[in-house]
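The structure under discussion appears below in the form of structure tokens.
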Amino acid sequence: MLLISCPWCGPREEIEFRNGGEAGVAAPEPDAEPTTDEISGFLFFRSNPKGSFHERWNHSHGCRRWVSLTRSTITHEIESESQPTGRFRP
Amino acid sequence: MSGWRLAHGGLIDRSRPVFFTFDGRRLAGFSGDTVASALLANGVDVVARSIKLGRPRGIVAAGTEEPNALIAVEPGLALRRATEVELVDGLAVRSVSGRAPAPAIDETPSEHVWHHADVVVVGAGAAGLTAAQDAVAAGGRVVLLEGGHAAGPLPDGLVDAADFVFLPRTVAVGRFDSNMIVAHERRRGTPGANTAARDRLWHIRARDVVLATGAVERPLVFADNDRPGIMLAGSVGVYLQRYGVAAGRRAVVFTANDSAYVVARDLQAAGVDVVAIVDTRVRPGPTADAGGIEVLSGHVVAGTTGDEGLASVLIVPRDGDADRASPTVVEADLLAVSGGWDPALRLLAHTGARLRYQPSAGTYGVTEVPPRVRITGLAADVNGGVGAFSTLDPVWLVPAPDGSLDRHFVDLQRDATAADIRRAVDAGMRSPEHVKRFTTIGTGNDQGRTSGTNELGVLAALLGTTLEQLGPTTFRTPLVPIPMRVLGGPYRGELFDPVRTTPIHGSHVAAGALFENVGQWKRAWAYPREGESFDDAVLRECRAVREGVGIMDVSTLGKIDVQGPDAGAFVDRVYTNRFSTLKVGSSRYGLMLRADGMVFDDGTATRLADDHFHLTTTTGGAAAVLDWLEEWLQTEWPDLRVRLTSVTDEWAGVAIAGPKSRELLARLAPNLDVSAEAFPFMTVRNEYLSELPARIFRISFSGELSYEVYVKSWYGRALWDAIAAAGADLDVTPYGTEAMHVLRAEKGYVIVGQETDGTVTAADLGLDWMLSKRKWFIGLGALDRPHLTRPDRRQLVGLLPDDPDLHVPEGSALLPSGGLGTAGNVTSSYRSAALGRTFALGLLAGGRARIGSRVDAQVAGWRVPLDIVEPVLWDPQNERRDG
Amino acid sequence: MVEQRFADGGAVSPLGNRTFDPVVVVAGPGVEVLEHSFTDQLDVRLDPEPAVLGALGDRLRVAIPAEPNRVGRDGRRLALWLAPDEWLVLDPDNLEDDVARLTMEGGWPPDVTFVDVSAHRTLLELRGRDARALLARGCPLDLDPRVFGPDHCAQTLLARVDVILFRLDGTDAFGVLVRASFARYLVAWLTDALEGFYA
Amino acid sequence: MSGRRQPLDPHLVERLWRTPAPKPAYDVVVVGAGGHGLSTAYYLAKNHGITNVAVLERGWLGGGNMGRNTTVVRSNYLWDQSAAIYEFSLKLWESLEDELDFDVLLSQRGVVALAHSTHDVREIKRRVSANHANGIDAEWLEPAELKRFVPIINISPEVRYPVLGGSLQRRGGIARHDHVAWGYAHAADRMGVDIIQNCEVTDFLRDGDRITGVQTTRGPIAAGNVALAAAGHTSTLADRLGIRLPIQSHPLQALVSELIEPFLDTVIMSNTVHVYVSQADKGELVMGAGIDAFNSYAQRGSFLIIERMLAAAIELFPIFSQVRVLRTWAGIVDVCPDASPIIGPLPLGNLYVNTGWGTGGFKATPASGWVYAHTIATGQPHELNAPFQLDRFRSGALVDEHGAAGVAH
């Protein structure tokens with residue numbers, strides 16, 4: 001029952017969010033022609049650290065913005081400010 | 001008969017006698033009693049037979065740690081502890097031997113409550129009340145939880161304090177991340193409770209948590225330490241002080257710390273003959289005031305005798321084997337024991353904290369407390385090893401004169417002894433976890449409160465090691481057992497999960513529709529008439545669409561409004577086919593892929609203006625598609641100036657399908673030129689139906705001439721009724737999702753989630769023509785991976801059984817020519833009115849190349865041969881649809 | 001926007017009401033739940049440029065709040081912050097003429113968009129001394145007036161349904177915007193919650 | 001066969017395993033003394049005569065997911081490749097007590113999977129038919145038949161997601177997880193395998209592109225082959241070698257109730273409402289829920305998932321309403337993108353991996369050890385694990401079992 005801070009809405013309960021896995025994994029650029037290794041890397045391979053994990057959450061039942069933060073996968077403690085994703089900044 | 005009620009004293013209301021039955025025996029107690037205190041007062045010493053050995057067992061404790069006195073409460077037979085059930089008139093309980101009878105159904109839901117506080121204090125003892133007062137004085141919102149029922153009166157500072165919530169009979173069952181306290185408030189069956197009262201499950205977000213949770217006393221492990229009459233000393237004191245009950249008439253106190261001395265004196269004062277205090281320590285502590293009672297320091301109780309209850313105790317010096325042969329035998333019907341105390345800090349462990357053995361305190365505790373948590377009162381004292389409750393030199397195992405261990409009980413509820421621990425050690429087990437699983441110690445519904453530490457102490461003694469070396473221990477939620485219905489809360493029956501209905505739902509109900517769940521939606525499945533079977537209804541509905549006109553509620557389709565200067569570019573990226581060239585006022589069928597190239601969703605996109613598209617999605621996929629598009633926009637393409645807005649519930653839609661649909665539409669929209677030339681397939685018109693603004697798409701999922709009319713959802717019902725009225729003489733027929741599925745299957749149109757399962761590509765479905773060669777789209781880069789281009793992939797085909805009446809069940813495996821395994825499966829299978837036969841669609845390995853040949857389907861263990869045909873069985877030239 | 005004259009021309013609210021006047025859908029001793037049927041609603045999207053926000057506010061006759069989860073208010077007309085680039089403007093009376101003018105006159109930056117969502121959600125009012133406690137049965141948000149004041153709004157969950165919550169006015173009355181298809185479920189849930197509420 | 005011997009009751013065994021000190025070198029070092037690690041060591045010795053084997057365990061044997069799962073055994077998976085390995089596993093289960101001469105309390109009480117929508121019905125019937133095609137026992141039961149098989153189930157059409165039928169695999173059931181771990185450990189120990197507990201692997205010894213051993217909290221240990229069997233911790237070990245695996249570790253929660261007289265004699269699972277439940281021989285209900293969506297090694301998940309699961313359980317079994325939850329916990333499940341495992345060599349010499357079992361690990365214990373031992377002993381995948389190689393995430397030849405996995409991932 002994490003308490004996740006949305007950069008726009010402040011601390012909200014975990015149930016308002018949807019986990020988006022590792023943050024900072026860029027999709028292939030449109031019109032790029034990724035190799036099979038590049039595409040399978042993007043599709044299937046993610047970091048899975050025991051400790052600090054930079055991950056994404058979507059405030060899907062709130063403002064619907066994507067945010068990223070660092071959370072310990074050992075203690076669940078959220079170790080960073082959540083960062084907004086996309087064009088806008090609070 | 002040993003226990004008895006004192007003439008006065010206790011917090012019970014002696015003016016209000018209460019009658020109850022225990023295993024059919026009618027007994028009396030007072031208001032304020034628990035079943036346990038009343039049983040003791042009535043001299044009932046045997047309250048249960050042990051689960052494995054059938055030994056007589058009595059009440060040991062006064063709280064949630066009670067291992068023996070389990071009862072089933074009539075009539076529901078809910079399992080409880082005698083120490084936690086308050087006496088109410090007419091209460092009927094029966095004893096339980098460790099395993100509960102199957103309880104009756106209790107349909108009363110519980111309430112879930114979300115709450116927010118600055119400070120939550122757990123435990124309303126003296127320390128808890130003080131902590132609550134301080135918190136209230138400091139300002140802010142304070143919640144005080146008390147698991148028990150007989151909390152004393154609130155001090156003045158609290159009774160009328162604003163922002164203060166006192167919750168008696170409320171146990172904090174768990175502490176979770178960021179000080180989320182989940183607590184169970186017992187309201188059902190409590191004295192004076194309204195029968196409609198619902199238990200509450202509180203979810204309290206607290207800035208700070210104060211644990212005033214006290215401590216749990218440990219028994220001592222010696223031979224025959226399980227006889228009725230052997231109780232925890234502190235609990236003996238509780239029965240004396242709170243309930244005015246003396247647990248025996250002739251008592252011995254056996255302790256390893258000072259705390260039991262007070263109990264001994266109080267017993268003496270109450271008129272109980274306290275023969276001796278047996279203290280394991282040679283030098284009792286500073287607060288050990290025996291008040292004249294004989295103290296046998298440096299002694300232990302090595303065994304007991306008795307038949308059903310305790311008769312005598314055997315006392316020997318703690319050291320010096322010589323005397324073991326001739327122990328001092330003392331007659332007694334009560335043995336009050338105190339092996340030491342464990343701080344009640346399990347809530348800390350729920351979020352991962354480990355409790356470690358603290359030699360300085362003789363118990364498992366914590367040296368550092370998590371942030372924003374404070375421990376106070378007895379829990380803090382015991383954790384820190386200060387005061388009368390600290391047991392610096394615990395005795396974990398008192399050897400029996402004969403050296404045996406098989407009547408040294410460690411877990412009374414599980415009937416597990418030191419001999420069981422010895423067997424585990426002999427088997428090679430060293431880890432406490434192995435020993436726990438081998439002996440089942442601590443797995444009873446007392447959650448090992450009185451056995452957990454002793455188990456480790458005995459293990460250390462047998463291994464000749466120390467408890468530090470056995471490592472830390474941890475504990476899991478819930479803190480005490482909690483009924484499943486309380487956790488389930490109000491979410492049951494029709495409320496289990498949100499139900500979505502369309503504005504036209506009432507008309508479907510009125511028409512006697514059967515409904516199917518599609519995601520959270522209730523969709524009209526078919527409209528069987530009086531005495532008509534489901535299958536016949538579907539055939540009739542299909543025939544109406546093929547030969548006349550049918551109407552269907554399509555309001556559930558997902559609808560997304562896409563606007564902005566880059567709308568065209570965006571839509572091009574998310575669909576496989578090209579949309580940026582689509583003319584304003586036209587629609588196009590579109591396919592979306594996941595990033596891995598598998599089919600994700602399909603629908604239509606209509607261009608309402610250069611920078612404005614209206615997308616439809618599948619009913620089940622609507623939310624996922626919007627999330628998916630938003631994700632790409634926000635996280636990958638923030639440069640695109642596009643806005644997505646869900647308008648799914650804004651619009652209600654009705655499909656009008658069939659050869660007579662044009663005529664029907666003309667009646668509805670007399671000013672609209674509905675001719676094929678003026679209103680061609682895959683175009684849209686905005687038009688007033690009478691005075692109602694409507695958006696009309698000429699579009700078809702049935703393969704017939706067909707339209708979809710959308711209006712503001714407020715008018716959905718009016719629209720449906722207007723169409724029905726206007727088409728009455730055309731015998732306009734409502735059709736449901738099943739008929740729709742048949743009609744589209746006759747046309748070879750796929751349904752995402754039926755022909756696809758996340759492993760199917762556009763090419764597999766014969767939709768490779770929709771993959772634009774001239775632009776990028778999501779999933780494109782994944783399509784040329786080796787396995788996705790193999791010729792033997794499972795591809796969509798039509799399948800016809802020889803027998804036109806044989807219906808091959810959906811899901812049936814398509815079989816390879818020989819051997820085990822599958823070559824594919826039937827995805828759709830129906831009886832077709834139009835084709836006058838059954839037919840199916842399926843995914844078959846290398847299927848497209850096999851069209852014209854045959855394959856066997858497996859039906860109820862039989863091989864049923866099928867012709868492999870093109871998937872489009874109806875109007876392959878689309879003359880009906882486009883005409 | 002739908003013109004009023006259609007309201008009695010077959011318009012039915014998600015809860016089956018046919019009138020503009022608030023209708024009580026469920027009530028208990030300390031709380032009333034009403035539906036304000038056919039409340040005009042406009043979804044407004046734009047990059048949050050102060051100048052544009054101001055101009056838009058003037059045109060819509062209600063302040064468009066730049067601060068997250070805040071409400072702009074002018075009489076019964078409200079502008080709710082939904083996202084950094086999204087607001088919901090609602091008016092139980094009539095928004096239509098202003099919006100018609102808005103869209104007609106145009107002159108907005110190209111990425112300013114308007115979507116009529118009047119029928120997408122319906123407006124419930126929960127009022128009475130127990131309104132907040134009733135919401136707490138299914139809403140994880142802290143609705144204490146010191147935390148969630150008259151100018152606050154939020155998108156959150158109520159009984160596992162997406163809702164937009166705000167204070168209807170200075171009093172203890174809450175506005176709850178719920179999608180039309182979920183409205184009957186939500187009211188069924190509130191009705192059940194009320195059954196246990198006063199036991 | 002003549003009447004088989006009574007398998008050993010662990011409580012009657014003098015000694016289950018030794019507590020040996022690590023030797024400087026072994027032919028094979030298996031990392032992780034969970035069910036898969038122990039069965040691998042056993043079959044290395046039994047099937048391939050390789051007994052100079054150490055199983056290294058950071059904690060206590062069988063203490064990870066092996067000791068935390070809900071003990072369901074079944075083979076009714078959807079795709080041919082999965083069906084083959086799980087069915088082979090089930091056949092091994094059926095003779096395991098004889099094989100190990102140890103009482104693993106296998107109870108073939110049947111496993112039921114419920115359908116709550118027309119989509120469920122289609123998909124579950126598809127699985128039943130595919131199972132037949134693979135020679136696996138499976139039946140479709142209509143609601144009335146289900147009610148006869150499980151009298152306490154609620155088939156009322158009035159509930160939110162009515163039961164529309166379900167599949168039954170009669171040969172499925174449950175076993176006692178601890179006994180399975182102890183049985184494999186006992187049998188492997190008897191054949192000379194060293195099971196070394198409280199010995200954590202912290203790094204690898206390598207010689208160029210070859211792995212030559214492991215570094216542990218109790219010193220270096222040389223090895224001819226190193227076989228990873230560390231479930232949720234596998235990717236952490238692989239990270240040390242710079243090898244990326246398509247694995248994510250998530251909490252998977254479960255709970256037990258207090259003891260009740262027997263009233264449920266089969267295993268019921270519902271993918272749609274995310275619950276599966278059985279009643280163990282002691283009398284406690286054992287339940288599992290859906291996987292928490294976030295990554296975690298904390299062995300705990302969100303309590304709201306427990307609340308949701310019990311709401312679902314009461315819908316199916318109203319008689320549970322007053323039964324009390326005694327203890328909840330979580331395992332760390334290692335999940336592959338296609339919900340199928342990886343068993344095979346890694347791109348470094350003498351290094352093998354067995355991971356990604358998600359919710360399927362316990363039931364696969366015997367077969368997993370069997371084929372993993374084969375792969376290690378011969379350097380080649382067994383035909384049963386050939387489809388489950390790492391390169392499928394490059395080729396796209398996934399074995400997508402999300403539909404058939406016990407709970408939705």
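Each chain gets a letter, A, B and so on, in the order its sequence line appears, and its residues count up from 1.
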- Is Glu35(C) reaching over with its side chain to a backbone N or O of Val25(C), donor-acceptor style, under 3.5 angstrom? no
- Task: Pick whichever of Asp611(B), Val642(B), Val499(B) has the most heavy-atom pairs under 4.5 Å with chain C.
- Result: Val499(B)
- Item | NZ/NE/NH1/NH2 to OD/OE distance under 4.0 Å, Arg101(C) and Asp97(C) | no
- Among the options Ala188(C), Ala159(C), Pro14(C), pick out the one with the most heavy-atom pairs lying under 4.5 Å from chain B. Ala159(C)
- Note on the structure: When the 4.5 angstrom heavy-atom criterion is applied to Thr556(B) and chain C, the contacting part is neither
- Query: For the salt bridge (Lys or Arg N to Asp or Glu O under 4.0 Å) test, which of Asp40(C), Asp98(C), Asp93(C) pairs with Arg77(C)?
  - Reply: Asp98(C)
- Return the option, out of Ala193(C), Cys139(C), Ala136(C), Ser181(C), with the maximum number of heavy-atom pairs under 4.5 Å with chain B. Ser181(C)
- Which of Leu46(C), Asp47(C), Asp142(C), Val112(C) touches chain B most, by non-hydrogen pairs under 4.5 Å: Asp142(C)
- Item | Test: Arg643(B) and Asp43(C) ion pair at under 4.0 Å | no
- Query: Does any heavy atom of chain C fall under 4.5 Å from the side chain of Ser646(B), the backbone, both, or neither of them?
  - Reply: both
- Residue, of Val161(C), Val147(C), Asp144(C), that accumulates the most heavy atom pairs under 4.5 Å with chain B: Asp144(C)
- Task: Provide the closest heavy-atom pair for Asp561(B) versus Gln563(B) in the form atom of the first, atom of the second, distance.
- Result: OD1-NE2, 2.9 Å
- Query: For Arg121(C), is it the side chain, the backbone, both, or neither that has a heavy atom closer than 4.5 Å to a heavy atom of chain B?
  - Reply: neither
- Applying a strict 4.5 Å limit to non-hydrogen atoms, the region of Arg141(B) in contact with chain C is side chain
- Note on the structure: Ranked by heavy-atom pairs below 4.5 Å to chain B, first place among Pro140(C), Pro110(C), Ser37(C) goes to Pro140(C)
- Task: Select, from Ala183(C), Gly138(C), Ser13(C), the one with the greatest count of heavy-atom pairs under 4.5 Å involving chain B.
- Result: Gly138(C)
- Task: Measure Arg179(C) against the heavy atoms of chain B and call it side chain, backbone, both or neither at under 4.5 Å.
- Result: both
- Max heavy-atom pairs within cutoff under 4.5 Å with chain C, candidates Gly506(B), Pro565(B), Gly564(B), goes to Pro565(B)
- Is it the backbone or the side chain of Asp566(B) that comes under 4.5 Å from a heavy atom of chain C, or both, or neither? neither
- Query: Please walk me through it: do Val163(C) and Leu186(C) pass side chain to side chain contact (heavy atoms under 4.5 Å, CB included)?
  - Reply: CA-CA 10 Å; Val163(C) 294; Leu186(C) 187 58; 4.2 Å; yes
- Message: If the threshold is 4.0 Å, N to carboxylate O, is there a salt bridge linking Asp192(C) and Arg137(C)?
- Response: no
- Message: Testing Thr501(B), Thr502(B), Asn517(B) one by one against Lys522(B) for a side chain to side chain donor-acceptor pair (under 3.5 Å), which residue passes?
- Response: Asn517(B)
- In terms of heavy-atom proximity below 4.5 Å to chain C, should Glu494(B) be classed as side chain, backbone, both, or neither? backbone
- Task: Report the C-alpha distance between Leu608(B) and Thr606(B) in whole Å, list the side-chain angles of each, state the deciding distance to 0.1 Å, and finish with yes or no for side chain to side chain contact (heavy atoms under 4.5 Å, CB included).
- Result: CA-CA 6 Å; Leu608(B) 302 173; Thr606(B) 302; 4.2 Å; yes
- Message: I'd like to know whether Ser713(B) forms a side chain to side chain donor-acceptor pair (under 3.5 Å) with Asp649(B), so could you lay out the CA-CA distance, the side-chain angles of the two residues, the decisive distance to 0.1 Å, and finally the verdict.
- Response: CA-CA 7 Å; Ser713(B) 55; Asp649(B) 292 25; over 6 Å; no
- Item | Heavy-atom proximity to chain C below 4.5 Å, by part of Leu201(B) | neither
- Message: If I measure from the heavy atoms of chain C, does Pro498(B) come under 4.5 Å with its side chain, its backbone, both, or neither?
- Response: both
- Note on the structure: Rounding to 0.5 Å, atoms CG (Asp199(B)) and NE2 (His112(B)) come to a distance of 10.0 Å
- Does any heavy atom of chain C fall under 4.5 Å from the side chain of Trp651(B), the backbone, both, or neither of them? neither
